[in-house]
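One structure is given here, and the rest of the page talks about it.
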Amino acid sequence: MFVQVALNLPFRRLFDYALPQGEVLPPLGARVLVPFGARSLVGFVQGISETCAYAPDKVKPITQILDTEAVFDASAMAFYQWIADFHAAPLGEVLTLALPNALRKAKPLAPMREKKSTETLSSELTQALPLNAEQATALQALQSHRFQISLLEGVTGSGKTEVYLQRMAQALAQGQQVLVLIPEIALTRQMIARFAARFDDTDSPMVVLHSGLSEGARLNAWLKARAGEAKIILGTRSAVFTPLKNLGLCILDEEHDASFKAQEGLRYNARDLLLVRAKQADVPVVLGSATPSLESLHNAQTGRYQHLHLTQRATQAPLPKVKLIDTRGKNHTLGLSADLISGIKKHLSANRQALLFMNRRGFAPVMMCEGCGWVAECPRCDKAMPLHKALNKLKCHHCEYEKPAPAACPECGSTEILEIGQGTQKLEETLQALFPAQKVLRIDRDSTARKGELEAALTLAESGEAEILIGTQMLAKGHHFPKVTLVGILDVDQALYSLDYRATERLAQLVTQVSGRSGRESDQGEVLIQTAHPDHWLFDQLLKKGYPATANQLLFERQQTGLSPFTHQLLIRAQAHKRELLQTALQSLKAQLLGWADEKGLKIQVLGPVPALMERKANQYRWQLIFQAKTRQPLIQLADWAAHITETDKAFSRIRSSLDLDPSDLD
Ligand code: ADP
Ligand code: ZN
Ligand code: ZN
């Protein structure tokens with residue numbers, strides 16, 4: 001007998017293996033261990049046959065049958081198959097993504113021993129709150145048990161979570177499972193606490209799935225979800241793959257958030273996948289946000305989604321006052337305007353906290369020689385290499401290359417080296433110098449890289465012990481800091497004139513979200529935005545009319561310029577160590593694809609081959625082809641054909657390529 005196996009390799013075909021004499025037949029969907037070249041791989045049985053297209057002595061035998069049952073049931077398999085087809089990806093790749101790490105190895109499909117978490121939740125059960133009129137209307141509109149997509153657009157603090165909780169209670173009462181996706185691990189803590197406080201964990205056990213879990217903990221949570229024992233499944237992006245026995249409701253919070261889109265490997269969008277999942281399971285799905293993405297707004301406006309609104313804050317807290325600080329021609333202390341500094345003083349003396357927000361993910365300043373203009377650049381990437389003060393090192397954020405910071409300019413020997421640009425570390429230093437008696441706390445990826453650091457920082461921030469908080473986008477989302485009454489936003493100007501057409505949308509979302517961090521309790525909050533472009537229409541619109549009107553204006557622009565959501569794109573990325581290789585291969589791919597599209601009568605536009613915004617990264621050249629069409633369908637077909645060519649054409653044997661349907665950025 002022969003077995004057809006799906007493997008996690010960049011080929012979409014199945015691979016044949018022989019079943020050793022006397023071995024029992026593995027069930028379809030079971031995992032098997034098979035030899036592949038010198039390697040040993042875990043694959044999935046997709047078919048069993050008596051004959052095989054290859055000479056029987058060429059076919060290698062299976063090493064081991066790992067499971068006595070299918071790993072995924074039929075409905076989960078249908079979902080994964082859809083994902084594979086949609087992304088023109090190998091089924092084996094998708095199935096591997098759907099497995100916890102432990103099961104990607106030859107481990108049995110059984111719980112592992114795990115260290116008990118020391119975290120204790122003060123789970124004093126809270127009651128459902130009496131809903132205000134808008135919340136009640138929204139909940140009423142969410143009563144369907146069948147597939148329906150609802151966009152819950154509610155200003156920060158309007159009580160969206162309360163609406164989720166009450167709709168969840170209904171599904172849980174029916175014994176159904178609820179899948180809740182949130183953007184980042186950083187957010188899970190407050191969400192877990194609220195869910196745990198609402199739902200008695202003996203009746204509705206909850207599991208949490210995110211990348212910070214140990215292998216054993218993740219496996220056990222996954223097994224409970226698959227068996228239907230876990231009723232609430234709360235997780236980040238990849239939790240959308242979790243097999244579930246009895247799904248009754250899907251919720252995706254902060255639906256505009258960019259982290260739902262995977263930026264490497266299989267470039268899936270968890271939001272899109274969740275919608276498909278809900279459709280296949282015929283259950284409702286709720287997308288929530290204070291600042292919906294233009295894609296979702298467009299779908300709501302064209303009637304594909306039900307559009308629900310919460311326009312008022314649920315508590316007495318008034319929305320903050322937002323002001324612009326014009327930075328032109330004024331004195332600054334290392335990037336901080338006098339107005340912002342006095343604003344911080346005012347709020348601190350009222351015994352409140354200030355949160356300063358900088359949109360650069362922990363970017364440290366760059367070194368530049370005052371004598372000759374030399375700038376420290378990464379030798380392997382087309383990028384400057386930022387300085388990490390504490391380590392006295394230059395460290396590339398794109399390839400991790402690092403070296404000691406030079407004491408003198410390597411070009412001209414001058415020791416007059418400037419640090420240009422503001423980063424969160426620099427900002428921390430500046431603020432600590434300005435406010436020596438106060439505790440300044442920076443929360444970004446660098447400061448929270450080690451286990452436990454993020455927890456500790458958030459606790460300090462929540463308690464009010466740290467008086468000045470500095471954060472990157474990590475802090476923009478959903479956190480509730482009761483004593484923050486001033487939010488300062490720095491360094492927004494580059495987004496106004498960015499090459500990336502989504503930058504303005506992100507800026508509008510960011511300003512609105514970050515502003516929502518201010519004055520969440522009963523005090524009047526204040527938001528100060530530093531900019532050299534106070535007359536830009538985006539600020540005018542945002543401050544006078546708010547996010548919905550701004551989003552509509554941005555949608556209008558997208559329509560005029562023929563961009564997403566009015567068109568769809570397929571981005572083909574390719575990289576190799578030689579530029580010429582890429583150019584030739586992509587030219588040939590383009591010609592083949594256009595010829596094919598022409599034959600099929602598909603209406604498709606193409607741009608490229610062009611170099612990526614960062615052409616060289618870690619010594620690899622990066623080029624791309626961009627196809628555009630009015631609908632997704634022709635692009636899905638095109639992706640399928642492109643995958644076929646890159647898998648089989650010799651020109652691609654030394655090139656790594658990937659497909660990205662509806663890319664969220666063009667780098
Ligand atoms: P969102 O998710 O929209 O940001 P939350 O659900 O976190 O808003 O609600 C903000 C605050 O308002 C929370 O402290 C919450 O307990 C409170 N809240 C929500 N709904 C109500 C209500 N109906 N009555 C009183 N307080 C409410
Ligand atoms: Zn120099
Ligand atoms: Zn580099």
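Since this is a predicted model, take the numbers as computed values, not measurements. The figures here come from the full heavy-atom set of this structure, side chains too, leaving out hydrogens, waters and symmetry mates. Atoms within each ligand, like the ligands themselves, are counted from 1 in listed order.
- With Q306 contributing its side chain and A141 its backbone, the two residues share a donor-acceptor pair below 3.5 Å.
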Going through the checks in order, is the side-chain hydrogen bond (donor to acceptor under 3.5 Å, both in side chains) test met by S289 and Q509? CA-CA 10 Å; S289 176; Q509 289 164 342; over 6 Å; no

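- Our summary of the site lists the angle at the Zn ion (ligand 3) between SG of C381 and SG of C396 as 110°, to the nearest 10 degrees.
- Of all atoms in ligand 1, listed by their number and element, those nearer than 4.0 Å to a heavy atom of N132 are 23 (N).
- Between G154 and ligand 1, a contact under 3.5 Å exists for no N or O pair.
- Considering backbone and side-chain N/O of Q135, one or more are found under 3.5 Å from N/O of ligand 1.
- Numbered from 1 in the order shown, with element, the atoms of ligand 1 that lie under 4.0 Å from a heavy atom of L131 read 23 (N).
- In this structure, the side chains of M168 and V180 come closer than 4.5 Å at one or more pairs of heavy atoms.
- Put simply, the side chain of Q353 gets close to the backbone of A461: a donor and an acceptor are under 3.5 Å apart.
- Among E134, K160, R194, the residue whose heavy atom lies nearest to atom 7 (O) of ligand 1 is R194.
- Vertex the Zn ion (ligand 2), arms ending at SG of C372 and SG of C369: the angle is 110° after rounding to 10 degrees.
- Ligand 1 places these atoms under 4.0 Å from at least one heavy atom of A314: 12 (O), 18 (N), 19 (C), 20 (N), 21 (C), 27 (C).
- E162 and Q166 share a donor-acceptor pair across their side chains, judged by distance under 3.5 Å alone.
- Atoms of ligand 1 found under 4.0 Å from any heavy atom of E162, numbered from 1 in the order shown, are 6 (O), 20 (N).
- Geometrically, ligand 1 and P130 share a nitrogen or oxygen pair separated by less than 3.5 Å.
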Residue pair E615, R622: steps toward the salt bridge (charged side-chain N to carboxylate O under 4.0 Å, His left out) verdict: CA-CA 5 Å; E615 188 189 1; R622 307 154 76 236; over 6 Å; no

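- Put simply, the residue from E505, E255, R506, H256 that forms a side-chain hydrogen bond (donor to acceptor under 3.5 Å, both in side chains) with S293 is E255.
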